[in-house]
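The next block holds one structure in the form of structure tokens; read it before the comments.
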Amino acid sequence: MSYTELEHGYQGLRKARPAFYFGDEGTVRFFKGRGNLTEVGDDDSYGEDGKQVVVGVCAMAKKSQSKPMKEILTRLQEFEYIKMIVFAEEDILKKAVEEWPTCDCLISFHSKGFPLDKAIQYATLRKPFIINNLHMQYDIQDRRKVYSILESEGIEIPRYAVLDRDSPDPKHHELIESEDHVEVNGIVFNKPFVEKPVSAEDHNIYIYYPTSAGGGSQRLFRKIGSRSSVYSPESRVRKTGSFIYEDFMPTDGTDVKVYTVGPDYAHAEARKSPALDGKVERDSEGKEVRYPVILSNAEKLISRKVCLAFKQTVCGFDLLRANGKSFVCDVNGFSFVKNSNKYYDDCAKILGNMILRELAPTLHIPWSVPFQLDDPPIVPTTFGKMMELRCVVAVIRHGDRTPKQKMKVEVRHPKFFEIFEKYGGRADGHVKLKRPKQLQEILDIARSLLNEIEHRAADPEIEEKQGKLEQLKSVLEMYGHFSGINRKVQMKYQPKGRPRGSSSDDGKDNICCDSDTPKEPSLVLILKWGGELTPAGRIQAEELGKIFRCMYPGGQGEYAGKQGLGLLRLHSTFRHDLKIYASDEGRVQMTAAAFAKGLLALEGELTPILVQMVKSANTNGLLDNDCDASKHQNMAKAQLHNLMQQNRDFTAEDRSSINPCNAISISMAMDFVKNPVKCCERVQDLIQKLMNIVRTKKDDPKTKDAVLYHGETWELMGRRWGKIEKDFCTKNKTYDISKIPDIYDCIKYDLQHNQHTLQFDQAEELYINAKHLADIVIPQEYGLTVQEKLTISQGICTPLLKKIRADLQRNIEETGEETVNRLNPRYSHGVSSPGRHVRTRLYFTSESHVHSLLTVLRYGGLIDNMKDEQWRRAMEYVSMVSELNYMSQIVVMLYEDPTKDPSSDERFHVELHFSPGVNCCVQKNLPPGPGFRPHSRNEQSQSQSTSQSVTGSDVEDSSTPQTPARCDSPGTEGSSSSVEKKPVTISTRPKIKTSAPIPIK
């Protein structure tokens, strides 16, 4: 049967009353028309000559009387030569098979409580034509047999292993569980992995997450109301029962369910993965929201193989689209699409024709095979005059974080060497310890050595390091648990001891060793902590995700949690190809997950969203830095350090040396600083005053137990500022300019989060001085001259630039066989533009990549400032931006006008949007964006085309990030009307004012 043996399947429709029958208490009932029940006797005949195929439906009442079954039976009854009989559940359960109604064709399938063995007895007794093989339905109930059959047919399935605790052979149930992986019968599964009961009737499937993503597990179950899964902090696998363990497939939060009707027909629907946030999306009738999608040719072949391998004409199975492939992860057996009239029509036509083709000749029924059509053409999308959004690419900095901190200490104790060798340090000369078990071992050593010191049993060298050991213990004990990427320990082997002079030394590590004494081998232990996304940062990212929806068609107006907005509709109907990438820092990955939660209106914990929606960009070098870029950057830092050591007001020569590109923000900062040495002295003085307050608060009984933000103690805050105080002013009384970003980082954090507890009256003065110094230092560390900036920026972001170009190019050179979920126009009802498809690529990263990308756009020769007034105004605005704060973003939007010739420059239109991110709690007066290009100017410069938008202070509260806003429709006043491929034109968006910003306290 062809894929569409559909359109002429109704042949010779009976003009008399159509009917189908329900067996009940010795009588037979049939429907007249569509739904009227009339009783007739068992021996009543139907049809003029009595030649009909009797089709029996043998299943539990919940299934046989469900809406989908009734819809299909109603359509099957319209075949002239088919009579439908539905076996009563009471007869199935209580009567012998000899008493069941006789039939020529049997549709029978297992569900909970169904006596499959009796159905097999009936089939053996009556020998009807079987639609779904009954013996194979036993295999479908066992996931081990399902996977074995799929493997034998060459169908892609996730890598798996079976833990069979029922087997007498101990080799079949060997399980070794570690912190972030399990080993099943010698096969290792790293988290995330999936744990499925071997019984297909047991829907309690668990997904275990790695500690780097927060740990815990997502527990899936058969839908209860609006829930299909819940998150649990439990990370240990189940210890009783038999399970299949398999690799978790990253599907971007989407599952595809496929429904076959014979080997040549498959209907596919996509839905939100139940593992994502556990919330079941339901329509107004309470049905789970699903949308039909198009299967690739390879997936159609998989459907055919599944149907034939399991001998199930009507069969449902689950498809996972991941890593460019399609995997089958479950076969459900007999199942129908829940709510699709087109599917009901197709299914009834195919089954009716299949039954009659098989049985009509043997029963001498005068039925002929209907004429078959090819696939009906896909309905083309009707485009209006507005251009079609095709692609959105955004590069976004992470949200608010704790200050990054580091401590170094030289250690020689054998316990540290044991850990070093245990984790392969001898081979590489260094080890990195991140896992909870590893950090616990380091903490245990620190506690043990401090205990020895307390009982005066420690070596003098250990006693000298008591302060560092206490800090090591204090940092590792923070939060009361290890989870996420928030602390790590590195150890480096020093064959002749550690060289002196590190800024992180406390001055005591080498006190007993003079320069002539041979030194023993040692380890430098480096503890790094901080830099974690704060609760405020999560709110910022989630809020920006909500606002970001307004970038898409239908997204104008309020953003706050409204279902039915353009982007939510686009995504839920699988017309949105979304990929989210993040570098491997925990703060960046959690920012990406929180943003996705806001963007897609998800619920619950971030861990499941992170694992399923966020891809690591470091696996392909996308967000790696070039080593040559670091070399040039160090040269720029050294040059800047020398220029900032002059104890005098900045001269014209100083200004041209420090700010050769004449950036407005740097010039304004230099006006404030005047004398860099005097400003640094003031900063150092204020830091010392702040340290005095911290010491006082730490010792005061009234304040010593005060709770600081994010679990920090007075002790840790004192160490944080104490290290800065010591490092900033060197021994020869010069100032280390490279520490200015750290000073600014810390005072911004404390002013934002700890001022109500710290109560430092001069905190704002310290912030303002540190900010103006940072406004000079931070951007110039990426190069002073244009050439230096471009060299460093290209080294940092060339892989990202290539990926962005490829993202845009793919929209122009679209290929048909993409492994993305595409809405099927033939089955899509209530979707006004089923052909619309938008590609979104989001890249979450650190400040360096946003700086570098902005530099390339500014100085890379994209557009000539002298020839394009709007570009000049946009660059002037960028020049006024002093800081790329948390949640800074650069957004590229590609539009297409399908009415224009594909080779025309007017076919595509590109816009650039930029926002400098959140505002801090002081100095919120950011410059406004430059506004739209007037029509007259636009017409004069059509040779430079594309459209960039620079949006300034869109949101007025420090709690809510700024974002590029949506513009009016193209063609309205103030928007850009030219649409071209080459350089990039500019159009600024109206500002969005948030109705109820969430305060960050």
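These figures come from a predicted structure and were not determined experimentally.
Taken from CG in D346 to OH in Y343, the straight-line distance is 9.0 Å, to the nearest 0.5 Å. The distance from the OH atom of Y843 to the NZ atom of K579 is 10.5 Å, given to the nearest 0.5 Å. One distance of note links CD1 of I140 with CZ of F109; it measures 12.0 Å at 0.5 Å rounding. Between the NZ atom of K127 and the OG1 atom of T124 there is a distance of 6.5 Å, given to the nearest 0.5 Å.
Looking only at side-chain heavy atoms (C-beta outward), F248 and Q612 come within less than 4.5 Å of each other. Put simply, the side chain of L276 does not reach to within 4.5 Å of the side chain of L600, judged on heavy atoms. Side-chain contact between I205 and P197 is present, with heavy atoms from C-beta onward closer than 4.5 Å. For the pair Y122 and C58, the minimum side-chain heavy-atom distance is 4.5 Å or more. Taking the side chain as every heavy atom from C-beta outward, Y138 and D117 approach each other to under 4.5 Å. Looking at I355 and I131, their side chains come closer than 4.5 Å, going by heavy atoms from C-beta outward. Side-chain contact between R841 and D577 is present, with heavy atoms from C-beta onward closer than 4.5 Å. Within the 4.5 Å cutoff, the side chain of Q121 has no heavy atoms near those of the L125 side chain.
No donor-acceptor contact under 3.5 angstrom links the side chains of E234 and Y206, judged on distance only. In this model, a donor atom of one side chain and an acceptor atom of the other lie less than 3.5 Å apart for Q312 and N132.
Nearest approach of E151 to Y160, heavy atoms of both residues: OE1-OH, 2.8 Å. The shortest non-hydrogen separation linking S108 to F114 is OG-CZ, 3.4 Å. Heavy-atom minimum distance, L295 versus A266: CD1-CB, 3.8 Å. When all heavy atoms of S229 and Q218 are compared, the pair lying nearest together is OG-NE2, 2.9 Å. When all heavy atoms are compared, the tightest approach of P263 to R304 is O-CB, 3.3 Å. Closest approach of T607 and G214 over heavy atoms only: OG1-CA, 3.8 Å.
Using a 4.0 Å cut-off between a side-chain N of Lys or Arg and a carboxylate O of Asp or Glu, D164 and R144 qualify as a salt bridge. A salt bridge does not link K300 to D264: none of the charged side-chain nitrogens sits closer than 4.0 Å to a carboxylate oxygen. Using a cut-off of 4.0 Å between Lys/Arg side-chain N and Asp/Glu carboxylate O, K338 and E269 are scored as not salt-bridged.
For R805, the CZ atom is loosely surrounded, since the number of other residues' heavy atoms within 6.0 Å does not exceed 12. Dense packing is recorded around NZ of K239, with more than 12 heavy atoms of other residues, nucleotides or ligands lying under 6.0 Å away. Atom NZ of K118 has more than 12 neighbouring heavy atoms from other residues, nucleotides or ligands inside a 6.0 Å radius. Other residues, nucleotides and ligands contribute only 12 or fewer heavy atoms inside 6.0 Å of the NZ atom of K63.
K272 pairs in a side-chain hydrogen bond (donor to acceptor under 3.5 Å, both in side chains) with only one of the listed residues (T254, D255, D277), which is D277. Looking at N190, I176, V237, L163 one by one, the single match for side-chain contact (heavy atoms from CB on, under 4.5 Å) with V182 turns out to be V237.
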Evaluate the side-chain contact (heavy atoms from CB on, under 4.5 Å) criterion for residues D318 and V328: first the C-alpha distance (whole Å), next the side-chain angles of each, then the deciding distance (0.1 Å), finally the verdict. CA-CA 6 Å; D318 294 347; V328 176; over 6 Å; no
Report the C-alpha distance between D330 and K196 in whole Å, list the side-chain angles of each, state the deciding distance to 0.1 Å, and finish with yes or no for salt bridge (charged side-chain N to carboxylate O under 4.0 Å, His left out). CA-CA 10 Å; D330 199 8; K196 296 178 176 178; 5.8 Å; no
Going through the distances and angles, do E179 and R435 end up as a salt bridge (charged side-chain N to carboxylate O under 4.0 Å, His left out)? CA-CA 8 Å; E179 191 70 43; R435 299 185 182 279; over 6 Å; no
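Both tests pass for R159 against the ring of F189: distance under 6.0 Å to the centre and angle within 45° of the axis.
The closest donor-acceptor contact from the side chain of E156 to the backbone of K325 lies at 3.5 Å or more, if one exists at all. Of the possible polar contacts, none joining the E153 side chain to the I149 backbone as a donor-acceptor pair under 3.5 Å is found. Side chain of E71 to main chain of Y344: no donor-acceptor pair is present (N/O by atom type, distance under 3.5 Å, no hydrogens or angles).
Using the six-membered ring where Trp is involved, Y231 and Y209 have ring planes that are parallel, under 30° apart on the 30 and 60° scheme. Taking the six-membered ring for Trp and thresholds of 30 and 60 degrees, Y259 and H267 have ring planes inclined between 30 and 60 degrees apart.
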